[in-house]
There are 2 protein chains.
Amino acid sequence: METADRLFYEAGYEHTSFGSIAEAVGLSRGNFYHHFKAKDDILTAVVERRTEQTRAMLAAWAAATPAPRARLAQFAQMMQRNSAAIRQHGCPVGTLCTELAKLEHPAQAHANGLFRLFRDWLAEQFAALGFAPPDAERHAMHLLARSQGIATLAQAFDDHTFIDTEVAALQQWLRGLRPPRTTP
Amino acid sequence: METADRLFYEAGYEHTSFGSIAEAVGLSRGNFYHHFKAKDDILTAVVERRTEQTRAMLAAWAAATPAPRARLAQFAQMMQRNSAAIRQHGCPVGTLCTELAKLEHPAQAHANGLFRLFRDWLAEQFAALGFAPPDAERHAMHLLARSQGIATLAQAFDDHTFIDTEVAALQQWLRGLRPPRTTP
DNA sequence: GTCTATAGATTGATAGAC
DNA sequence: GTCTATCAATCTATAGAC
């Protein structure tokens with residue numbers, strides 16, 4: 001599953017054949033079908049696995065960083081940590097969801113759940129900063145969209161300074177963001 | 001070529017078979033090979049065609065709109081005009097470049113030229129607003145990235161209000177953007 | 001659990017008749 | 001220019017021996 005995840009990310013889901021995954025883990029195709037009945041099943045398992053890993057990562061961020069503003073900053077920094085991979089293969093979530101949409105694949109909604117995971121977690125942080133639910137969600141979607149755009153262009157232009165520049169702009173936006181005064 | 005362009009956009013390049021294009025235009029596969037020697041040749045032709053159309057579109061915008069700030073606004077409005085298609089299939093440029101990158105396709109650089117076309121045109125407008133070349137290009141990349149992120153998330157969440165909200169935010173950013181004072 | 005063998009379908013591409 | 005026929009490769013999936 002780890003290998004399948006990597007291959008799907010690097011070469012795309014459709015372009016990654018059943019046999020190439022089996023070969024990469026040193027199994028025959030026949031044996032591989034013993035573990036996964038169909039190719040779609042691997043995709044389901046990979047998305048499931050990513051969902052769990054994402055949940056764990058967000059929980060770890062929340063545990064390590066109490067302040068909501070610092071948590072949001074941590075999300076932005078993720079792009080710098082994964083800079084090399086993003087420039088080569090884009091965002092793992094964005095590129096997968098985009099591909100599945102083109103294929104009209106049944107697992108589309110499942111994969112989109114990864115986006116919802118991030119959106120909801122980000123919205124929680126904005127809410128903790130004092131934003132009302134609709135504003136918190138709007139900011140979460142904005143931050144998520146910014147990150148997607150950064151990943152797409154960083155890959156197309158293979159620019160190693162672009163991610164840094166844009167993340168810095170994001171951090172500045174986060175620092176300057178002030179929730180509306182709450183009327184007591 | 002028009003049909004191929006549409007099919008590549010809707011279903012992706014690899015997922016669109018040679019035969020399906022031939023069938024869509026009412027030709028046999030054999031006859032289609034008379035016009036295009038290989039599948040990659042259609043892709044090249046499609047990118048070429050899009051490049052020319054994009055050039056023409058940008059020139060038309062420049063001709064119809066003299067003020068650089070209004071030209072930038074026109075770029076942002078494009079996403080609202082194509083809202084339905086974007087929500088279904090994403091950005092035609094972004095999704096194609098992303099797919100070709102995963103396939104390690106030779107036409108990758110060619111397709112990325114579409115992004116460069118937009119970036120350079122946008123940078124020209126920012127330069128006309130009074131920004132120095134590095135700042136103009138930075139703003140161009142920023143605007144392009146924002147548009148890509150909006151397209152990706154609008155598709156994943158199939159949200160028809162999201163594009164409007166984000167484009168409004170872009171327009172506000174453009175309106176408030178002031179070039180640095182030039183020292184005489 | 002692991003393998004080989006193979007079915008069945010699709011696809012990219014070619015050959016050659018008309 | 002257009003077609004049918006066909007090749008060769010690839011890929012998903014199954015069957016069955018060990």
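All chains are named by letter (A, B, ...) in the order of the sequence lines, taking the proteins before the strands, and each is independently numbered beginning at 1.
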What is the distance from [atom1] of [X] to [atom2] of [N], rounded to the nearest Å?
X	N	atom1	atom2	result
A/F36	D/dT14	CZ	C1'	18 Å
B/H34	D/dC3	NE2	P	11 Å
A/I42	D/dC11	CD1	P	14 Å
A/E23	D/dC11	CD	P	11 Å

salt_bridge(A/R6, A/E2) N-O dist < 4.0 Å:
no
Taking only Lys NZ, Arg NE, NH1 and NH2, and the carboxylate oxygens of Asp or Glu, determine whether B/E52 and B/R55 approach each other closer than 4.0 Å.
yes
Just jot down the ring pair (Phe, Tyr, Trp, His ring centres under 6.0 Å) partners of [X], sequence neighbours excluded, or say none.
X	answer
A/H139	A/F126, A/F131, A/W173
B/Y9	B/H89
B/Y13	B/F8, B/H105
B/F118	B/F75

Report, as a single string ordered 5' to 3', how protein heavy atoms within less than 4.0 Å touch nucleotides 12-18 of chain C: B base, S sugar-phosphate only, - not at all.
BBB----
Verify the neighbour count for atom NE2 of B/H160: are there more than 12 heavy atoms of other residues, nucleotides or ligands below 6.0 Å?
no
Strictly under 6.0 Å, is that where the ring centroids of B/F18 and B/Y33 end up?
yes
Residues from residues 3-13 of chain B sitting under 4.0 Å of DNA chain D, heavy atoms only?
none
